[in-house]
Visitor: 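This structure is in structure tokens; I'll ask about it shortly.
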Amino acid sequence: MNSPYEALGSESGVRALVDRFYDVMDGDPSVATIRAMHGDSLEGIRTGLTLYLTEWLGGPKVFSQRSGGMCLTDAHRGFALNEQARDEWLYCMEQALADTALGTAERDQLKAAFYRIADFMRNM
């Protein structure tokens with residue numbers, strides 16, 4: 001059985017997912033709230049999310065080796081993350097997932113997992 005990392009196409013597939021995610025965030029005015037939380041340039045954050053998702057999806061432990069852990073709450077502590085922010089983030093991820101070669105069941109499983117994480121990150 002393949003991990004989600006392998007199902008996405010390993011490193012290149014995760015990078016494509018992340019690039020699409022941030023392209024949606026950068027280009028869709030309906031997600032302006034979440035976009036404003038990411039600063040002018042998205043390049044560094046693209047790399048960070050690629051590394052994080054690589055490990056989270058079952059790939060090599062590249063994120064924790066680099067940062068020492070995988071604690072999302074520490075990284076997001078300074079942001080006001082309400083339902084709108086959660087929903088905008090999820091919208092971007094759903095658009096990115098729609099462009100993958102994943103089957104419907106795999107995509108739905110990842111959407112559910114992303115929802116749980118995004119909802120957990122809310123602090124308002």
Side-chain angles (χ1 to χ4, degrees):
M1 184 174 195
N2 287 344
S3 67
Y5 173 77
E6 293 166 323
L8 278 166
S10 300
E11 183 180 346
S12 63
V14 174
R15 178 51 129 167
L17 176 71
V18 169
D19 283 342
R20 178 68 178 128
F21 171 82
Y22 282 116
D23 289 348
V24 172
M25 185 183 291
D26 204 30
D28 190 328
S30 72
V31 295
T33 299
I34 197 79
R35 175 60 184 93
M37 294 179 189
H38 287 80
D40 293 338
S41 174
L42 296 173
E43 288 313 305
I45 197 75
R46 284 178 194 259
T47 299
L49 185 58
T50 299
L51 295 173
Y52 183 87
L53 289 181
T54 292
E55 187 165 338
W56 184 76
L57 293 166
K61 303 221 177 287
V62 292
F63 186 86
S64 58
Q65 288 173 349
R66 180 175 168 179
S67 66
M70 298 222 5
C71 184
L72 286 177
T73 53
D74 285 348
H76 295 87
R77 188 178 319 274
F79 298 96
L81 301 175
N82 57 16
E83 287 182 11
Q84 179 181 349
R86 175 201 64 200
D87 292 348
E88 289 181 15
W89 191 95
L90 287 168
Y91 170 81
C92 295
M93 186 54 72
E94 287 174 4
Q95 298 305 304
L97 284 169
D99 289 345
T100 68
L102 294 174
T104 302
E106 294 168 312
R107 203 170 319 136
D108 289 346
Q109 287 176 335
L110 282 178
K111 282 182 189 180
F114 281 127
Y115 178 86
R116 286 189 301 272
I117 288 174
D119 196 52
F120 176 77
M121 295 303 300
R122 287 188 309 119
N123 54 23
M124 301 179 61

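We number each residue from 1, following the sequence as shown.
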Visitor: Please check this pair: side chain of N123 against backbone of L81, looking for a donor-acceptor N/O pair closer than 3.5 Å.
Guide: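 Yes: the side chain of N123 pairs with the backbone of L81.
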
Visitor: If you look at every heavy atom in T33 and Q84, which pair is closest and at what distance?
Guide: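 So the minimum-distance heavy-atom pair works out to OG1-NE2, 2.9 Å.
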
Visitor: If you round to the nearest 0.5 Å, how far is CG of D23 from SG of C92?
Guide: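 Answer for the SG-CG pair, C92 versus D23, is 10.0 Å.
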
Visitor: About how many Å separate OG of S67 and CG of D74, when rounded to the nearest 0.5 Å?
Guide: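 One gets 10.0 Å once the value is rounded to the nearest 0.5 Å.
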
Visitor: Determine whether the aromatic ring centres of F114 and W56 lie less than 6.0 Å apart.
Guide: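 Yes.
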
Visitor: Verify, without hydrogens or angle tests, whether E94 (side chain) and Y91 (backbone) share a donor-acceptor contact under 3.5 angstrom.
Guide: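 Between the backbone of Y91 and the side chain of E94 there is no qualifying donor-acceptor contact (under 3.5 Å).
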
Visitor: Does the pair S64 and E55 meet the rule for a side-chain hydrogen bond (donor to acceptor under 3.5 Å, both in side chains), with working shown?
Guide: CA-CA 8 Å; S64 58; E55 187 165 338; 2.8 Å; yes

Visitor: Could you please spell out the steps behind the side chain to side chain contact (heavy atoms under 4.5 Å, CB included) verdict for T73 and F120?
Guide: CA-CA 9 Å; T73 53; F120 176 77; 3.7 Å; yes

Visitor: Counting only heavy atoms not in R122, do more than 12 fall under 6.0 Å of its CZ?
Guide: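 Yes, enclosed.
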
Visitor: In Å and rounded to the nearest 0.5 Å, what is the OH to NE2 distance from Y22 to H38?
Guide: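 If I round to the nearest 0.5 Å, the distance is 4.0 Å.
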
Visitor: Mind listing the closest non-hydrogen atom pair of M93 and F21 along with its distance?
Guide: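 For M93 versus F21, the nearest heavy atoms are N-CD1, 3.4 Å.
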
Visitor: So, taking the atom named CE in M25 and the one named CD1 in I45, what distance separates them when rounded to the nearest 0.5 Å?
Guide: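 So the gap between those two atoms works out to 8.5 Å.
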
Visitor: If we only count heavy atoms from C-beta on, is the L51 to T54 side-chain gap below 4.5 Å?
Guide: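 SC-SC contact between L51 and T54 ruled out.
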
Visitor: Using atom types as modelled and distance alone, determine if a side-chain donor or acceptor of Y52 lies under 3.5 Å from a backbone N or O of F63.
Guide: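 Here the side-chain-to-backbone pair does not exist.
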
Visitor: Are any of the side-chain nitrogens in D26 or R46 under 4.0 Å away from the carboxylate oxygens of its partner?
Guide: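 R46 and D26: not salt-bridged.
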
Visitor: Is a donor on one side and an acceptor on the other found under 3.5 Å between the side chain of R107 and the backbone of L102?
Guide: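 Such a contact is found between R107 side chain and L102 backbone.
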
Visitor: For a quick test of reading the model, state the closest non-hydrogen atom pair linking D119 to R86 and the distance between them.
Guide: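 D119 and R86 have their closest heavy atoms at OD1-NH1, 2.6 Å.
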
Visitor: Locate the shortest heavy-atom distance separating A7 from E106; write the atom from each residue and the value.
Guide: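 Minimum heavy-atom separation between A7 and E106: CB-OE2, 3.6 Å.
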
Visitor: What heavy-atom pair brings A80 and M37 nearest, and what distance separates the two atoms?
Guide: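 Result for this residue pair: O-CE, 3.2 Å.
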
Visitor: Quick check: closest heavy atoms across D40 and R35, and the distance to 0.1 Å?
Guide: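 Scanning both residues, the minimum pair turns out to be O-NH2, 3.0 Å.
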
Visitor: Got P4 and L110 here, is their nearest side-chain heavy-atom distance under 4.5 Å?
Guide: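 Side-chain contact under 4.5 Å: yes.
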
Visitor: Quick one: pull up CE in M121 and CZ in R77 and give me the separation to the nearest 0.5 Å.
Guide: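 With rounding to 0.5 Å, CE (M121) is 9.0 Å from CZ (R77).
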
Visitor: How many angstroms lie between CG in D19 and OG in S12, if you round to the nearest 0.5 Å?
Guide: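 The OG atom of S12 is 11.0 Å from CG of D19, to the nearest 0.5 Å.
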
Visitor: Quick check: do I34 and V31 have side-chain heavy atoms less than 4.5 Å from each other?
Guide: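 Result yes, sub-4.5 Å side-chain heavy-atom pair found.
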
Visitor: Please check this pair: side chain of S10 against backbone of E6, looking for a donor-acceptor N/O pair closer than 3.5 Å.
Guide: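 Not confirmed, S10 side chain does not pair with E6 backbone.
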
